Every structure is written in structure tokens, then in C-alpha cells.
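Quick note on labels: first sequence line is chain A, next is B, and so on, each numbered from 1. From a predicted model like this one, the values you see are computed outputs, not experimental measurements.
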Amino acid sequence: MALLSIRGLRVEYRTSRGTVAAIPEFSLEIGAGESFGLVGESGCGKSTLIMAIMGYMGRNGSVPRGQIIFEGQDLVTASPEALRKLRGGRIAIVYQEPATALNPSMTIGAQLMEVPIAHTGASRAEARARTAQVLLDVHLPDPDSVMRRYPHQLSGGQKQRVVIAMALLANPALLLLDEPTTGLDVTVEATVLDLLNELRQKYGTALFYISHNLGVIAQVCDRIGVMYAGKLVEDAPAADLFANPCHPYTRGLLASLPRPGADKRSHPLVAISGVVPSAGRAPESCGFLTRCPYAQPGLCDKAVVPLRDTGGAHLVRCARWQDLPAEQVAAAPGPQAAVAGRTDIVMDAHDVSRVFPVGRRKLLANDRLNMAAQRGHVLAVVGESGSGKSTFAKVLAGLDSATGGSLRIMGDDVAKIPVRRRTAKQVAAVQMVFQNPDGTLNPSHPVGWPLARSLRKFGIATSKADIEARVTALLDMVRLPSSLRHALPRQLSGGQKQRIAIARAFAGNPELLVADEPVSALDVSVQAAVINLLLRIQAEQGTTLVFISHDLGLVRYLADEVVVMYLGQVMEAGPVAAIFEPPYHPYTEALLSAVPVPDPSIKTKRIRLQGEIPSPLNVPAGCRFATRCPRKLGAVCDTTPPPKRDNRDGHIIHCHIPLEQLAQTEPVFRHV
Amino acid sequence: MIRYTLRRVAEMLITLLVASFLVFLVTEFSPGNVARKTLGAFALQEQVDLLYEKLHLNDPLMVRYVRWAGVLTGLQADPLQDPALKLDFKDPRGDRYFGNFGYSALFKAPVNDVLWDRLGNTALLAGIAFAVIVPLSLLLGVLAGMRVGSTLDRVVSTISIVMTSVPEFALGVILVAIFVVWLKLLPGTSPLKTNSGWPIWTQLLLPVSVLALYDAGYVARIVRASMAEVMAKPYVRTAVLKGLPWRQVILRHALRNAMIAPFTVILLQINWLIGGVVVTELVFAYPGFGRMLLDASLFGDVSLIEAATLIALFVATATQLISDIGYRLLDPQARR
């Protein structure tokens with residue numbers, strides 16, 4: 001018998017506009033010890049489902065129909081006391097943002113020990129011993145010290161380990177995981193995913209993992225379900241789903257992810273058109289109807305499409321699944337190669353340093369950075385949080401000033417010139433797109449306002465009519481209707497807001513666009529659409545793009561040149577193809593190994609970095625990476641800064657290991 | 001934490017020093033002449049001039065401030081008590097002691113004889129009111145904020161806003177109309193004297209009720225807002241989905257975090273209760289500190305005003321100190 005059996009579940013929310021069904025009808029079974037992943041964009045009802053299982057839907061949520069049978073007990077009709085015993089006991093949950101999931105004013109120990117005390121009636125001493133044991137299991141060394149600390153004294157990865165430990169304390173039969181690695185660094189994400197796999201073996205816990213990231217799901221789950229508009233549209237063993245996706249939505253999700261090894265010229269991303277309908281607004285027959293490229297009138301919009309077995313435990317809810325073409329429709333060719341023949345340098349950083357004095361000590365945010373961007377190229381800057389990427393972006397834009405070195409943009413050295421003292425031309429030349437579009441648009445101005453303002457400030461247009469026309473053109477450029485200019489930011493979706501941010505950045509015809517994690521807050525399909533848009537405008541206008549990201553899959557896809565940073569210094573730099581193949585810098589190798597690949601047919605070499613990135617206040621004397629390097633040679637790495645080794649085509653690696661030896665490294669990705 | 005406390009105490013002393021200078025400055029520049037105020041309206045101009053001379057009131061401002069501060073701290077004898085002036089000002093404590101606030105022109109007595117009785121009366125009223133306001137508003141605020149949108153929440157929120165919007169004097173008049181005029185259960189004035197035939201506790205009942213009703217609504221609303229905010233936090237969800245009983249979710253997880261914001265507001269009520277309840281004191285003829293300060297101001301009793309202002313300032317800085325230290329104890333992120 002299944003551990004968890006959801007039958008005909010309907011979840012409704014009361015809103016000011018009446019009752020809407022966030023989940024119209026949902027059925028699913030998960031066996032004991034199984035690892036099931038559920039994917040779908042935001043708004044598809046994944047979190048609603050998880051919270052319905054936990055019986056936590058707030059005052060306006062209700063389950064008018066259906067059952068959630070867990071270990072023979074119906075959770076929908078369970079008494080509050082029975083539900084309380086199950087929560088945190090037999091069913092536990094790991095949350096998306098560990099920073100907010102922990103109580104800021106209680107020590108870690110006190111928060112964890114509550115679980116065994118509430119569920120197993122353990123004494124304080126027993127609870128303490130059990131907690132210490134589980135903290136060791138989640139690889140937090142020195143549990144006693146961790147238990148005495150408060151959440152703000154731990155790093156993001158450590159907090160997520162604490163939340164996982166909290167979930168495991170009562171030895172649950174089912175562990176619900178709500179995007180547990182979103183917001184974590186890729187290297188931290190990889191260790192958390194390893195941990196989940198390890199704990200699953202050790203504890204025999206069934207996993208129910210929800211995420212919008214197919215790559216992450218592929219690392220952990222045996223079986224994958226795809227959810228759209230509150231319904232399960234496909235359900236298959238993991239390998240089968242990736243090899244043979246049957247539902248157009250699943251295909252769309254896969255096509256919006258960069259393929260391993262592919263770039264913008266060979267395999268352009270294909271975004272799913274349109275947006276997820278709001279709860280209760282999806283068509284009855286097939287929820288995906290309005291966005292589906294294969295929808296056939298008269299067939300897809302008539303009867304409610306059932307979930308059919310295609311054989312081999314592969315279920316799909318599509319009326320036309322047998323008629324779909326074998327391969328994804330070939331997409332339009334991607335943007336052409338960067339403007340050839342011209343090699344003028346738009347941005348040239350020479351020994352750029354940004355040192356913050358902290359008392360008598362020095363915080364080295366950027367330490368003698370060297371990099372250059374050619375006209376029309378995409379230069380990607382990658383590295384973990386704390387590597388100094390964003391500080392460099394701020395120096396570029398003049399939001400911060402360098403303390404040393406020179407930074408030539410269009411020939412002018414602006415390293416020490418803050419944006420207030422830059423000329424209008426210099427300001428217009430460098431524009432930024434930020435990570436979080438919510439925070440960058442003024443909530444009380446319509447979205448056309450920042451566009452018009454940029455046009456006026458940079459002297460692009462002066463007369464009212466001219467500005468109006470330009471704003472319309474800008475909105476058209478980012479594929480937004482011009483009527484949207486009067487909308488307030490809160491009326492826009494995340495993707496639309498980011499389009500506005502891009503339009504604003506292009507308003508002054510910039511030479512250099514600095515994009516700091518511009519899509520990491522967006523859903524995959526929206527991400528694909530925004531990236532496509534950004535690259536198209538960038539190629540059309542011949543703008544140089546500095547793309548800051550921790551997503552190496554995306555970087556492989558869109559970059560021409562890559563700079564890998566660690567603790568304020570450049571570790572490796574060169575053309576994109578050279579970076580993703582041996583010889584690697586050991587740090588690059590570890591970053592690549594941490595990338596969750598959405599394809600089970602590709603095996604990744606497993607390299608995990610131990611410990612945390614050192615404090616920039618107290619950097620290692622020799623190679624910055626020496627304290628965590630898995631290929632450290634010996635004392636020389638600790639004492640002597642590594643030499644710069646030139647490979648070819650401008651590919652450089654800062655490492656004590658000779659190039660020949662680095663070149664013999666086995667590639668990180670391997671097809672099987 | 002100890003270092004922080006010491007630093008804050010030092011800062012508080014500096015604040016008081018600066019404030020004392022400002023208080024001196026303001027009262028010195030108030031209209032009228034100190035000698036005239038001391039002697040009263042019927043004194044001859046010659047007498048006033050003589051006193052003016054003797055008190056060295058022509059000296060520069062800083063010199064006079066240092067002299068005033070010297071008298072206050074007991075480093076210097078109070079010049080007004082000099083028998084040569086024939087003012088007949090006598091203070092049983094002598095003319096040189098710490099905390100010598102001078103002589104009240106209004107009450108014809110040393111300030112220390114007038115001030116502390118009044119402050120004691122107000123402290124009694126404020127203490128009882130505070131002891132009612134804090135538990136009442138915490139309880140109502142927490143219960144309402146715990147389940148936002150529940151019937152209890154709506155009832156508490158409505159009553160709070162009504163009570164806060166009715167001014168103190170109106171509230172006083174309404175209560176007097178009901179309990180004094182109509183039911184004849186309580187005395188209409190509260191002079192804190194037993195010869196009126198009403199026991200002291202009956203005299204306190206109405207003023208305390210006015211203060212409590214007026215202020216508890218305000219504090220309860222602050223507590224409710226903070227509690228409601230905390231209840232929506234993910235860590236409260238974590239606590240619920242950990243399988244903790246509701247009581248523990250509230251008491252262990254929500255309450256402490258919900259207290260951080262209202263803590264400062266609650267302590268600010270002490271300042272208001274000590275110096276700002278003039279209206280209530282007037283309505284009930286209560287011999288309190290606020291009313292004394294008002295009388296002193298209207299009369300131009302410089303010494304008394306200075307003394308009362310300094311004490312109100314001391315109370316304000318002391319509560320600020322307590323609230324800053326308490327804030328750090330409640331919120332581990334503010335420590336470090």
C-alpha cells in the first residue's frame with residue numbers, strides 16, 4: 001500500500017472575488033521510501049499541495065472534496081490533535097528559505113530539541129543527545145557549538161542543514177521539500193542535494209520534492225511528476241521523463257533550460273509563450289490549451305483530458321500525446337556571432353581593487369582584477385557569493401569607487417569616479433539591470449515613468465511627443481504592449497518587471513550593460529524568454545554585456561568570454577569553450593561539478609568543496625583558494641601567490657599546478 | 001553587555017548635563033525678572049533691584065549656569081537663603097546639599113518640600129495605571145493578533161480604536177456622569193485627603209480608569225499589529241508544522257518576537273504617565289506632578305519649573321536606557 005495517497009483532491013481559496021480552486025482535482029501516490037519530484041512554474045499549485053498535505057492552508061483555504069490518505073489515515077478529516085502529532089513527527093517539511101524558517105530569537109538547540117520533546121516524549125537530556133546526533137548526520141561538525149548559536153550566526157548552507165536536521169529529528173516516514181536549495185550558492189546546493197541522497201539511504205525516508213528546477217529534481221528523484229494549473233500532466237520514472245517527454249508542457253520546460261554544452265548559437269532557448277493562468281482561470285478541458293503549440297481546436301478544447309498510461313508507468317494528460325512530433329520544433333536560429341573583425345575594447349579593467357577599511361584591518365572585496373570586454377561580446381563573471389562579483393559591478397556603474405587600479409570604459413578611466421561626478425555621456429554608457437525587479441522599480445510610479453526619465457536625463461528625447469514615441473518603441477523592443485506604460489509595478493509579473501528594467505537600461509543607448517543575476521529570481525520558462533530578449537537586443541544594438549551569474553549552465557549558453565572569481569581575485573579567464581573544458585582551474589572544476597544537470601544521461605564528476613569561503617578580512621597569503629582546494633599541492637599554495645599560466649586564445653589560469661597536468665584532467669561532464 | 005550598559009549610562013549622564021543647560025537657558029530667557037518673580041508682585045522696585053544685585057544676575061550666562069549647577073549639586077550655598085537678604089527663606093536641610101532645587105516662589109517653601117509629595121502622588125496614580133495598562137493591553141493585543149480576522153480580533157480592535165479616539169477629558173466627564181452623578185458610587189474629586197469622607201482607594205478609581213481606558217487601547221493596538229506581523233512569519237509556520245501545541249507556538253515562538261517592537265512604546269507610556277496627564281489631574285483635582293508643573297508655569301515659579309523639568313527629563317532618559325537594554329536582551333540580533 002502506498003505511503004501517501006492523494007485521491008481527487010480539490011483545494012479552494014476564498015478571495016474577494018469569490019471562491020477559486022487552486023487545485024481542481026489532484027491524485028497521486030507515493031510509496032514508502034520513494035523519491036518523487038514535482039515540477040512546474042510558480043502558480044501551478046505545488047506549494048498549495050504541500051500545505052494541503054500538512055493541513056496548513058490559512059483561514060481562507062479549504063478542501064471541499066477528496067482525500068489525503070497517509071499511513072491509512074485521512075489527513076483531510078483528521079482532528080487537529082491527530083494532525084499535530086503527524087506534523088513534524090511522521091511527516092516533516094524542509095522550507096525554501098532557511099533564513100526565515102528559523103526563529104531569530106531562539107538558539108538553534110532550543111528550536112531543534114522541541115521536536116523530540118513534543119513527539120517522542122524525550123527528556124531534555126535525551127532530546128539534546130538526539131539533536132547532537134542528527135546535527136552530525138547533516139554534517140555540521142561541533143554540534144554543541146551550533147546548538148548554542150542563533151540563526152543569524154550561521155551561513156545560509158548551515159541554516160538549511162539545521163532545517164533538514166529539524167525535519168529528520170522525529171524520524172519521519174515522509175519528507176516534504178519545498179524548493180530547499182533555491183537561493184543557495186550552486187556549490188552549497190550540490191552539497192545539500194548530496195546530503196538528501198545520503199540521508200534517504202540512511203533513514204529510508206520517502207521524499208516529496210517540489211521545485212521549478214528540473215536539474216535539481218534530476219539529482220534527487222526516481223520519479224518525476226509535472227504539475228500545471230493544479231493538475232498532474234505527466235508522471236514518469238526520471239530517466240524516462242528526460243528521454244521521452246510526452247506532454248507539451250514538459251517539453252516546454254526542458255526546452256527553456258540550456259542544454260549542457262550547448263550555446264546560444266547552436267541551441268537557442270525556447271520559452272513557453274504566455275503565462276501560467278491564475279488559480280481557477282485555466283481552461284476546463286486542458287489547462288495548458290492556451291499556451292500549447294500543438295493544441296488542436298475541436299479536440300483539445302472539448303472533453304476533460306484524462307491521465308493516460310503510455311506504458312512503462314509513464315502517465316500523460318494530453319489528448320494528442322501520440323501525434324506530437326518526435327523532436328521539439330526547431331527554433332529560429334539564435335543571434336549571430338558577435339560583430340566580427342572589430343576588436344575594440346569597451347571595458348578594460350587593470351588591477352582594479354576595492355578595499356574597505358574595517359577598523360585597523362582591510363576587507364579585500366576586489367583585489368587587483370584584470371579583465372576586458374570586447375565590443376558586442378558577452379563577458380560573464382562567475383563565482384560564489386562573497387567572490388566580489390557584485391562589488392565589481394558597482395564599481396563599473398560608479399555606485400562604488402575603486403581604491404586602486406584603472407578602469408577604462410570607452411577610453412575614459414572611471415575607476416575612481418563615482419556616478420555623481422561622471423558626465424551624462426559616461427553615465428549613459430554604463431547601465432545596470434539588477435537581480436530583483438521588485439526592488440528596482442518605484443512602486444508609486446507607473447512603469448513608463450523610469451523610461452521617460454532616462455530618455456530625458458540622457459538627452460535622447462526632449463519634446464513630450466518624442467518621449468512618448470520613444471517609450472512606445474522601448475516597450476515594443478521588450479515585447480510589451482504600450483498600454484502597459486500606465487500600469488504600476490505591482491500589476492506586472494516578475495518577468496514583465498524585468499523587461500521594464502531591461503528597457504530602462506537600453507533607453508540611453510548604453511555601450512556597456514551590466515546585468516547582475518538578472519534572471520535568477522525568475523521561473524525557468526520566464527528566464528528563457530528574458531534571456532532571449534536580452535541577447536536579441538544586445539546583438540541588434542551591438543551592446544557589450546557584462547553578465548554576472550552563479551548559474552554556470554546559463555553562462556555556458558550565453559557568454560563569449562568568462563571570468564571566474566574567488567574571494568576578490570580572478571582564478572581563470574578565457575573564451576567560454578576553453579573554460580568549460582580541461583585544463584580547468586581547480587575552482588572552476590568544482591563549480592562545474594556542482595551544476596545540477598537536467599539530463600540523467602550525463603554523468604557529472606563529483607567534486608565537493610569543504611568548508612566556507614574565507615572572510616575577505618583575513619585572506620589566505622598564497623593562493624586564495626588554497627584553504628578549500630581539492631588539488632592543493634602543498635605548502636607552496638599557502639605561501640606563494642600562484643603564477644599566471646597562459647593556455648592559448650587568451651585563456652589564463654592562476655594556479656601552481658602546471659598547465660600540462662591541468663590539461664590531463666578528466667572532463668567534468670560525460671555522456672553515458 | 002556590561003560594557004554596553006556602562007556606555008549607555010555614561011551617555012545618559014551627558015544627555016542630562018546638556019539638557020540641564022537647555023532647561024536653565026529656557027527658564028532664564030522666559031519673560032520677567034527672576035528677582036521680581038522671587039519677591040512677588042507687591043515688592044518695591046528698590047527691593048527687587050537690591051536682590052538683583054545681590055544675586056549677581058548681571059553676570060554672564062555661563063557663570064550663572066555654573067553657579068546654579070553648583071547650588072543644585074551642593075557645591076555652593078543657595079544665595080537666597082542668605083539671612084542678609086532678609087527674605088526669610090528657610091530650608092531645614094540647610095543651604096548646601098545635593099539636590100538643592102532652590103525655593104519655590106509659588107508655595108513659599110523649599111522646592112524639595114513641594115516636589116516630592118506631588119511626584120509621589122503622581123507615581124501612585126501612574127504606577128497603578130501602568131500596572132493595569134500593561135497586562136491588559138498585552139493580553140488583548142496578543143489574543144487579537146494571534147488570530148487576525150477572528151471575532152475576538154474585531155471586537156478588540158474596534159473597542160481599542162474607540163477608547164483611543166475619545167479624549168481624556170471627555171472620558172473623565174463621562175465616567176463622572178455615570179459613577180458620581182448618577183450612581184453616586186464614587187467621589188467626583190480626588191484630593192487624596194480622607195476628610196472628604198471617601199477612602200483614598202475610591203478617590204483613585206476614576207483617574208486610574210480614565211488613564212487605563214485611554215492608553216490601554218493605544219498600546220493594545222500596537223501589540224496587536226506586532227503580534228499579527230509575527231504570526232505571519234515563516235518561523236511561526238515552522239513551529240506549527242513541527243507539531244508543537246498551539247500554546248507553545250504562541251508562548252515560545254511568537255510572543256518574544258512580538259514583544260520587541262511594542263517594548264519601547266510601552267516604556268514610553270511611563271514618561272506620559274509622569275508628566276503628561278495634566279488633563280486627568282485637572283478633571284479630578286488630583287494633587288499631582290503635572291498639575292504642579294502647570295501651576296508653576298502659569299505663576300512663573302522658575303525654581304520649581306526647573307526642578308520638575310529636570311525630573312521629567314531624568315525619567316525619560318532612564319526609561320530610554322531601560323528600553324535600549326531590554327531591546328538587546330529580547331533580540332539576539334541586536335547584541336553582537
Considering non-hydrogen atoms only, spot the tightest contact between [X] and [Y] and give its length.
{"X": "Leu330(B)", "Y": "Ser105(A)", "value": "O-CB, 3.8 Å"}
{"X": "Arg59(A)", "Y": "Gly149(B)", "value": "NH2-O, 3.6 Å"}
{"X": "Leu241(B)", "Y": "Met51(A)", "value": "CD1-SD, 4.0 Å"}

Does the side chain to side chain contact (heavy atoms under 4.5 Å, CB included) test come out yes or no for Lys233(B) and Thr100(A), once each step is laid out? CA-CA 7 Å; Lys233(B) 294 273 188 196; Thr100(A) 58; over 6 Å; no
I'd like to know which of [options] tops the heavy-atom pair count under 4.5 Å against chain B.
{"options": "Gly88(A), Ala118(A), Ala110(A)", "answer": "Gly88(A)"}
{"options": "Lys85(A), Glu114(A), Gln153(A)", "answer": "Glu114(A)"}
{"options": "Gln96(A), Glu97(A), Glu81(A), Met106(A)", "answer": "Met106(A)"}

Determine whether a donor-acceptor pair (N or O, by modelled atom type, separation under 3.5 Å) exists between the side chain of Lys242(B) and the backbone of Gln111(A).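 The answer is yes, because a donor-acceptor pair under 3.5 Å joins these two groups.
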Contacting moiety of Val240(B), where chain A heavy atoms sit under 4.5 Å: both
[Y] side chain reached by [X] side chain, heavy atoms, under 4.5 Å:
{"X": "Pro234(B)", "Y": "Tyr95(A)", "answer": "no"}
{"X": "Met166(A)", "Y": "Thr238(B)", "answer": "yes"}
{"X": "His152(A)", "Y": "Pro332(B)", "answer": "yes"}

Out of Gln248(B), Arg147(B), Arg237(B), which one racks up the most heavy-atom pairs below 4.5 Å with chain A? Arg237(B)
Would Arg252(B) and Asn103(A) satisfy side chain to side chain contact (heavy atoms under 4.5 Å, CB included), going step by step from the backbone distance to the final call? CA-CA 10 Å; Arg252(B) 285 176 63 102; Asn103(A) 188 331; over 6 Å; no
